[in-house]
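Data first, discussion second: the structure below is written as structure tokens.
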2 protein chains.
Amino acid sequence: MTPPTGENDSRERMIGSALELFSAHGYSGTGFRDVISHSGAPRGSIYHHFPRGKTELAEEVIRRNSANFVAHIENLRPTDPIAVLHAYVEWSRRLLEASGCRAGCAVAAVVLEAHDGPELFEMASAGWSAMADGLAAMLRASGVPRQRASGLGTLTVASLQGALVVCRAARDIGPLDAVERELDHTLRAAIDDARS
Amino acid sequence: MTPPTGENDSRERMIGSALELFSAHGYSGTGFRDVISHSGAPRGSIYHHFPRGKTELAEEVIRRNSANFVAHIENLRPTDPIAVLHAYVEWSRRLLEASGCRAGCAVAAVVLEAHDGPELFEMASAGWSAMADGLAAMLRASGVPRQRASGLGTLTVASLQGALVVCRAARDIGPLDAVERELDHTLRAAIDDARS
DNA sequence: GTCTATACGAAGATAGAC
DNA sequence: GTCTATCTTCGTATAGAC
């Protein structure tokens, strides 16, 4: 996919800026003005880089977010369900800590505000399903029955997503800590059940 | 607070419409135009009814949402933690079913997009804390230790909030069903633990 | 309480020069 | 690839008549 020669910098920086800005101010709340001034990219090339406009930018933001998340996980290489959980929590924690609990998930912002078409929703859903499935696979490998493993994967993804919103409203990371503690307890209990 | 004589209808209808529209299109994504045309309220009286503008409208939306939720719970009058859980889930389920999984929590939309001041966040956070505390109190009454009861209250609120986002992206209520099942299991386990 | 008119800025998007 | 200029629509908010 990447061209052989000196690659396009502006477009990549715009995507990175949009990811940050969507996290903090939402999708509707972030204009091209903001993306340009935050990234330092040239004003005149927006529709050169994103011919389909803001929708295309949002698609790239979701893609980038997924790529960043995958890189985060591959960096930690968790080998058991509990380690996967804490790797997921760590991802959410960094989002909150980097912003003083003033930013959240850019993908969630797009889902809550976009009305462009089904593609953005499908991309968002695919990412969250992959997260849930990643944890569920580990749980199954630890002996947890299929349906419970799947349900716990979904519970984990949903509660982390919700924790981002609750922490933001409270301006406090406490709710994420609480969610982490309870998920840890619940996952361990499911694994113990499976062993007995 | 309520005047003795024939009360103001327009303002109340505007708040109700704003609640619906925030749920579906977000806070930035909903303009006064939309609120006016949806509610049928007169154009000229917006700043008569909401002198502080959109921020004041958002405050009233959060208040209305809390009032509706309290009415929903008081209607069901749950007397044990599991009943409280299912009453909470039912509230989320109605939001999704009424919209074909295309709308979510209006308060979350405000939290993700507003940048007006701390009041909106404090109101949102107070509502979610009350939800979590309501469940936690029931768990404590069933013998669950204080810290676990509190953590499970937070987990429940966060995971329901997250389920709204995940279901919306998937255009499917399945994730909420899964979250309900797992929370039911987890809460029952905590209660059983307490009895032994 | 409701109206019209309007101010002022920003939104997303396009055209055409360079 | 980047520029400027422009289009159209929309946003919140205000002023002042009725």
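In what follows, every chain begins at residue 1, and chains take the letters A, B, ... in the order their sequences are listed.
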Please work out whether the ring planes of H72(A) and W91(A) are parallel, tilted or perpendicular, with thresholds of 30° and 60°.
tilted
What is the separation between atom CD1 on I46(A) and atom C1' on dA13(C), rounded to the nearest whole Å?
10 Å
Calculate the interatomic distance between R11(B) atom CZ and dT2(C) atom P; express it in whole Å.
13 Å
Does E182(B) come within less than 4.0 Å of R148(A), counting only side-chain N to carboxylate O?
yes
Over all strands shown, is D116(A) touching base, sugar-phosphate only, or nothing at heavy-atom distances under 4.0 angstrom?
nothing
What is the distance, rounded to the nearest whole Å, between atom CG of D9(A) and atom C1' of dT2(D)?
15 Å
Whole-Å distance between dG1(D) P and F50(A) CZ?
12 Å
Counting side-chain heavy atoms from C-beta on, which of dC3(C), dT12(D), dT2(D) comes nearest to K54(B)?
dT12(D)
Any side-chain N or O of Y47(B) less than 4.0 Å from the OP1 or OP2 oxygen of dA13(D)?
yes
State yes or no: are the ring centers of F69(B) and Y88(B) separated by less than 6.0 Å?
yes
Rounded to whole Å, how long is the line connecting atom CD of E56(B) with atom P of dT12(D)?
15 Å
If we ignore angles and hydrogens, is there a donor and acceptor under 3.5 Å between the side chains of E180(B) and H86(B)?
yes
What is the distance, to the nearest angstrom, from the CD atom on E12(A) to the P atom on dG1(D)?
12 Å
Regarding F32(A), tell me which of base, sugar-phosphate or nothing describes its non-hydrogen contacts under 4.0 Å with the strands shown.
sugar-phosphate
For G44(A) and G31(A), take the nucleotide of DNA chain C holding the closest heavy atom to each; which residue's nucleotide lies nearer the 5' end?
G31(A)
Given atom CZ of R43(B) and atom C1' of dA13(D), what is their separation to the nearest angstrom?
17 Å
Can you tell me if S45(A) touches the phosphate of dG1(D), counting only side-chain N or O atoms and a distance under 4.0 Å to OP1 or OP2?
no
note: H48(A), atom NE2; dT14(C), atom C1'; distance rounded to Å ~ 16 Å
So, is H49(B) close to the dT2(C) phosphate, meaning a side-chain N or O under 4.0 Å from OP1 or OP2?
yes
Lys/Arg N to Asp/Glu carboxylate O, E60(B) vs R63(B), below 4.0 Å:
yes
By the 4.0 Å heavy-atom rule, please label T30(B) as base, sugar-phosphate, or nothing.
sugar-phosphate
